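What follows is a single structure, written as C-alpha cells, with notes after it.
For clarity, every value in this text was computed on a predicted model and none was experimentally measured. Starting from 1, each residue takes its place in the sequence as its number.
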Amino acid sequence: MAIGGVWVSYWLDFGMSYTNSTAQWRFSLAFPAVFALFMSGVTFFMLESPPGADSPSDDESFISLYTSIRCAINYEDQIGSEFSYRELLTRGELQDFRRRCICFGIQSMEDMCGINLNTYYMSSFISSCVPIWLIDRFGRKSLLIFGTVGMMCMMIMLTVSLSFGTENFTARVFAILSTFSFSIFYSTGGWMSTPFLYPSEISILRIRSKGSAISLLSKWMFNFLVVMISPVAMDNIGWRTYTIFIVSNFVFIFLLYVFYPKTKGLALKQVDKIFEGGDPITRGATYRRRLYGEDFVRGLDEKQDQGNAGHVEDIVKPV
C-alpha cells in the first residue's frame, strides 16, 4: 500500500507539472483528501476487539490466540502495576523504557538508511511483495540485517561510481545500477514494512499504542531531518553526501544484531520473557529458552487456561 501511494503521488506530480495555473498545487494538495475520507468511513466498521471475541467460537486457532493474549495480560499485570506515563521513561522489570528506545530506533533507521535520497528511483513495487513469503521463514531481524548489508554495499558502489564524475560512462552505468539495486534491498529486506510492525510486537499490551506512536514520531522527525539536510549537503559536498549513509548503515547492522531480539514464532508472553531480567543486551529467544526451559515455550498460566478452555466462553473475557 505504501509503495502504491508513492507511485500514485509521483504520477500525479508528473501530470500536474504540465499545468501553469494554481491548480498545479491546489489539486495536488486536495487529492489526498479522497483517501482520508475513505479511511474515515472504513473506521466505523473496524472492530475494537479480536474478531469473534464477543461471540461463541469453536475455532481452535482463535481459542489459542485469545488465550495467548489473556495470558500475556495476566502476566504483565502480575509484574507491573497500573499504567502511568512515567512507565514510558522507566526501566521496570519488563524493560519498558528499553522497548521504547527500540521502537524509536527502528523507525529512525528506516529513514537514515538513505532511502529518502533515491525514493524517486524506487523499483520496488514487485520486490516489496517478496517479504510476504520471507519474513516468517527467516524472521524480521535476519531479513533487516540482510537488507541493511545490501543497502550499505549499494551505497558504497554508488559513492565510488559518482566519484569518477559524470563524464565516465561506465561509472554512470554502475551508479544507475546501484541506485535501483538499493531500493530492491530496501524492500526485500523488509525495511518498507517491518519498522511499522515490529514496535507493536515487542511492546507490552498496555503501552502498545504508545510505543507505536513514539516510533512514528521518530520516523517523521528523521524523515524531516534527511529531507532538509540532503539538498544542502549535495550543494556543498556533492557525492560525498552518500558516505553519511554508508556509515549509518554500517552502524545499523551492529545495532540490529546486538539490541534487537528475534520475534519469529514467539507468543506475546514469550516476548515479555525475552526482556525480563534486565539484561543490558537482548540475547534473544535461544538464551531465554535455555533459561526458562519448557516454561518459555508455554507459560504455566497458558497451559492451565488452555486445559480449562474447551470453548471460548470458558475463557475469562476482559472487562
*Report yes if some heavy atom in the side chain of V34 is under 4.5 Å from a heavy atom in the side chain of F38; otherwise report no.*
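No, their side chains stay 4.5 Å or more apart.
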
Using a 3.5 Å distance criterion without hydrogens, assess whether the side chain of [X] forms a donor-acceptor pair with backbone atoms of [Y].
X	Y	answer
N249	C113	yes
T241	A233	yes
S230	V227	no

Looking at every heavy atom in both [X] and [Y], which two are closest together, and how far apart are they?
X	Y	result
S215	C103	CB-O, 3.3 Å
I202	R99	O-NH1, 2.6 Å
A171	N168	N-OD1, 3.0 Å
N236	V232	ND2-O, 2.6 Å

_Residues F245, I156; criterion side-chain contact (heavy atoms from CB on, under 4.5 Å); working and verdict_ = CA-CA 9 Å; F245 301 101; I156 293 173; over 6 Å; no

Please say yes or no: joined through hydrophobic side-chain contacts below 4.5 Å, possibly via intermediate residues, are [X] and [Y] part of one cluster?
X	Y	value
W11	F31	yes
L29	F35	no
M234	F182	yes
V258	I102	yes
I145	F250	yes

Could I get the full list of side-chain contact (heavy atoms from CB on, under 4.5 Å) partners for [X], not counting sequence neighbours?
X	value
L162	L158, A175, W239, Y242
L255	M109, V251, F252, F259
F224	M228

*asked:* Before you tell me yes or no, could you show the steps for Q107 and M221 under side-chain contact (heavy atoms from CB on, under 4.5 Å), namely the whole-Å CA-CA distance, both residues' side-chain angles and the distance that decides it to 0.1 Å?
replied: CA-CA 10 Å; Q107 284 284 14; M221 282 177 55; over 6 Å; no

If you round to the nearest 0.5 Å, how far is [atom2] of [Y] from [atom1] of [X]?
X	Y	atom1	atom2	value
M151	S178	CE	OG	14.0 Å
S108	N223	OG	CG	12.0 Å
I106	L256	CD1	CG	6.5 Å
S187	I115	OG	CD1	8.0 Å
F174	M154	CZ	CE	10.5 Å
K141	T194	NZ	OG1	13.5 Å

Could you list the residues that satisfy ring pair (Phe, Tyr, Trp, His ring centres under 6.0 Å) with [X], not counting sequence neighbours?
X	result
F185	F146
F104	none
F164	none
F169	none

*For the pair L177 and M157, evaluate side-chain contact (heavy atoms from CB on, under 4.5 Å) and give the outcome as yes or no after the intermediate values.*
CA-CA 9 Å; L177 178 63; M157 181 176 169; 3.8 Å; yes

*With sequence neighbours left out, write down each residue that passes side chain to side chain donor-acceptor pair (under 3.5 Å) with S218, or none if nothing qualifies.*
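Side chain to side chain donor-acceptor pair (under 3.5 Å) list for S218, sorted by chain: empty.
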
*Please name all residues satisfying side chain to side chain donor-acceptor pair (under 3.5 Å) with E110, sequence neighbours left out, ordered by chain then number.*
Y186, K219

*Name all pairs fulfilling the side-chain hydrogen bond (donor to acceptor under 3.5 Å, both in side chains) condition that reach into residues 142-162, sequence neighbours left out, sorted by first residue then second.*
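As it turns out, the side-chain hydrogen bond (donor to acceptor under 3.5 Å, both in side chains) pairs with a partner in residues 142-162, which skip direct neighbours, are T148-W191.
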
*Which side-chain hydrogen bond (donor to acceptor under 3.5 Å, both in side chains) pairs, counting each pair once, include a residue from residues 19-40, with sequence neighbours left out?*
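Non-adjacent pairs meeting side-chain hydrogen bond (donor to acceptor under 3.5 Å, both in side chains): T22-R26.
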
*Does anything in residues 170-192 pair up under salt bridge (Lys or Arg N to Asp or Glu O under 4.0 Å), and if so which pairs, sequence neighbours excluded?*
none

*Option from L217, D111, N116 for which side chain to side chain contact (heavy atoms under 4.5 Å, CB included) with F222 holds*: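 Filter result, single survivor: D111.
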
